[in-house]
Amino acid sequence: MKRIIKTISDNFIQEALASPRMLEDLAAMEKYMSESYDGRTFVELIQNADDAQSSAVRVFSVDDTLIVANTGRPFNEADIMAICRSGSSNKQRGTSIGYRGVGFKSATTISSEIVIYSGGAYFTFSKELCAKTLGKTVDRVPTVRIPFPYEEKHLSAKVSSAIEGAEADGFTTFFIFLHANIRKFITELEGFNSGWLLFLKNISKVELDLLDIRKTCKVSRKTISEQDSLVKIIGGKEQWYIVTDGAVSLAFKYDERGIVPCSSNDSSFHCFLPTMDKTGYPFKVNADFSTDPSRKHLILDDMTKQALERITRLYASFVTRVMISKDEKLLVAATLINSPLSLSELASELEKGILQKLRQTDWVTLNSGAITSPENTHILPSWLTADEQDLLVSKVPSVANSTPQISLLRQVEKLDKFLVKLGAKDLPVAVLSGVLKQIDSVSKLEAAFIGKIFVYSCRGNLSNRDVLQDIFIPITEGKYGRIADISESTQIDTEFLAALAVLSSKEKTNLADSFPVFSCLLRAKPVQQKAGAKISLTKSADLGKKATLAINKWKTPIQNCIAVEALNGWTAKDVSRKNTEYSVRSTNTAGQTRYLAVKKIDILGDSFKLSESEYSAAQRLGDSFELFIIATEGSEIEYAYIKNPLETLELSKVVKEWEWCCDRYSVESEVTGDAPEMIDDNFLRNMSREFLNSQQLLILQRIADKGTVILEQKELIIVNQINSISDFYTSSPVLKINDNEVCIMADKVSAVKKLLSDK
């Protein structure tokens, strides 16, 4: 190796003497490249070590000497030539991390005298030695061009001893920066963490021991299949599920539940090592993207577009695998692309490609067991209860053959909405009305359910004999009859008729005119409320002076309910997004829990309805279940509590989602007085300044200061980014947009101002 170094050195010296102008040009180019790569020296050293099949990197300092060692393959002649000649690297794009052969030039910002020890030999790149050898001033020669043989004896005893110790630990190649700007190098390490190692092929451990930094980053890689692996961050609970096709990769955060969304800070594009660009979605993406010279940002050229295209294929194939295998821990990956964290050209390009691929790919399992694309599926109506959905798909093949498997829809949150975004349609009314024309299907369903289907699928055709005449309905003694064949005197099943109670008087008349057998609907009497029912009300007048939360018309009914609960000394939480049985769960210091279904009406005394799931919850929870009724249409807000409504009220069963109606009740109203403005605690609990970049914070501060501002189109893009981030973390946007006018949502003004003031 020493002979090879001497030969290379002599050849480059002769070349420099023969072409002095070229050497000066190289000096200028090196200065430009080192400035372009400034802050990426550590990144370049890591990726070079990974390309050399190194499993570990150690960074340490001895006095003013910085040493970066790795366990990779020792230097050979080609490696030395690649460093000396910018752009002459023998690395092939796609097979290694580095490929330009210029990254090492960034090291000149750390030191102008770099010694490399590998393969049992030392050599150096020295700006001063180069200038002295060629008889030039130091500003006219590059640092990294001519490799000079170097003797170990020139190193201090402490440095030699430290290198000897590292060799004993298995390290083979050493980059030794003499008289180094260690503090500058340390600034490059500030953002370094184990996540940098996720997509490296070989390095699993990095040790840092310099000045006041003592840190070890280590990962373990567990192979799950040819395409999948699990990377665990040693020393913590963080894990990442990696999916790859060999050229591109996806990384999903992973815990005991399985795949979970990662934070916006973690959702970065990697070009093997992290860039500063965000994917815009709660997962990481890695590929051999084109980047700027510093490798900080992606360039959207043809190579990057090809890499993104490959990423979209990988994502679609992974979704197909997990949806078919029904692996509960991986299913959420299917809808992560529907949870944007930010907007950018790259993020839009990624989303567009993945959505297009998912539309065209067969990955949706139907209730019949067949697999098809989202565009060929139908979504069951929202008015069906869970039991009704199960019954319908198990008894009616025409429905099972076109609807996504119910178990998957219940396992994967918002999967149905995502499928609609990808082209799925609502189940056609004709399919449901067609069910009622098949005696085999009708005979398998309960009378009340048949009535419910009849109302929703036939409501627009109640006077059309041609549409209704072939429908079968339940009559007495468990029999069924075709509407056109039933005489006026035939008795219709009472459960079926009860389901039709939701029809208006005009609709009932139209139906009876077309088919006289339905004349019985015109003679039905409404169910009365229990006489003298007493409703237990909670009054908060005495708590007015202690109130810390305002109740006003700008808030949602649930937010006002939470505010009233606070007035009464309870701690309430909005659970409506994940629960259909009640809207608010409330606890007090004694450990008591109440479950509140919130009902908004115009004026106290108006009717309201309970859904089937709310009715079931009321049955199960008894006195712990309460209704919070709030009326906001008057000059002042009124509200009332109704405890255990099944015992207190007379409810009648109607069709719309089997809601339970109450048309009459007596209450004592409670009127709000003036109270301090509410600060949205949910927003502050889930939102942080760290989620927003400086540009977004400036826009938000400007809007907070001025109230309503008129923004340019490019500023509206930032506003949409802020809303996307807020929606992801708090389930609601923070800014209201009307054309070019933007203001903060009324219920979040105080919360935003508090967020901006907390620095």
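When a residue number appears, it is its place in the shown sequence, counting from 1. Everything quoted here is computed from the prediction, not taken from an experiment.
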Inset, instruction - Classify the side-chain pair Thr403/Asn367 by whether it contains a donor and acceptor separated by less than 3.5 Å. - result: yes

Legend entry - Between Asn723 and Ser726, a side-chain donor and acceptor under 3.5 Å: no

State whether [X] and [Y] are salt-bridged, where the test is any N-O pair (Lys NZ or Arg NE/NH1/NH2 against Asp/Glu carboxylate O) under 4.0 Å.
{"X": "Glu207", "Y": "Lys205", "answer": "yes"}
{"X": "Asp245", "Y": "Arg310", "answer": "yes"}
{"X": "Glu351", "Y": "Lys421", "answer": "yes"}

Are any side-chain N or O atoms of [X] and backbone N or O atoms of [Y], one a donor and one an acceptor, separated by less than 3.5 Å?
{"X": "Gln47", "Y": "Leu45", "result": "no"}
{"X": "Thr279", "Y": "Phe283", "result": "yes"}
{"X": "Asn286", "Y": "Val248", "result": "no"}

Would one find more than 12 heavy atoms of other residues, nucleotides or ligands at under 6.0 Å from atom [atom1] of [X]?
{"X": "Lys414", "atom1": "NZ", "value": "no"}
{"X": "Glu375", "atom1": "CD", "value": "yes"}
{"X": "Gln53", "atom1": "CD", "value": "yes"}

Inset, instruction - Rounded to the nearest 0.5 Å, what's the gap from CZ on Phe625 to CD on Glu581? Could you check? - result: 8.5 Å

Legend entry - Non-hydrogen side-chain atoms of Phe418 and Ile337 separated by less than 4.5 Å: yes

Inset, instruction - Mind telling me whether Phe199 and His270 have parallel, tilted or perpendicular rings, with 30° and 60° as the class edges? - result: perpendicular

Legend entry - Ring centers of Phe318, Phe252 separated by less than 6.0 Å: yes

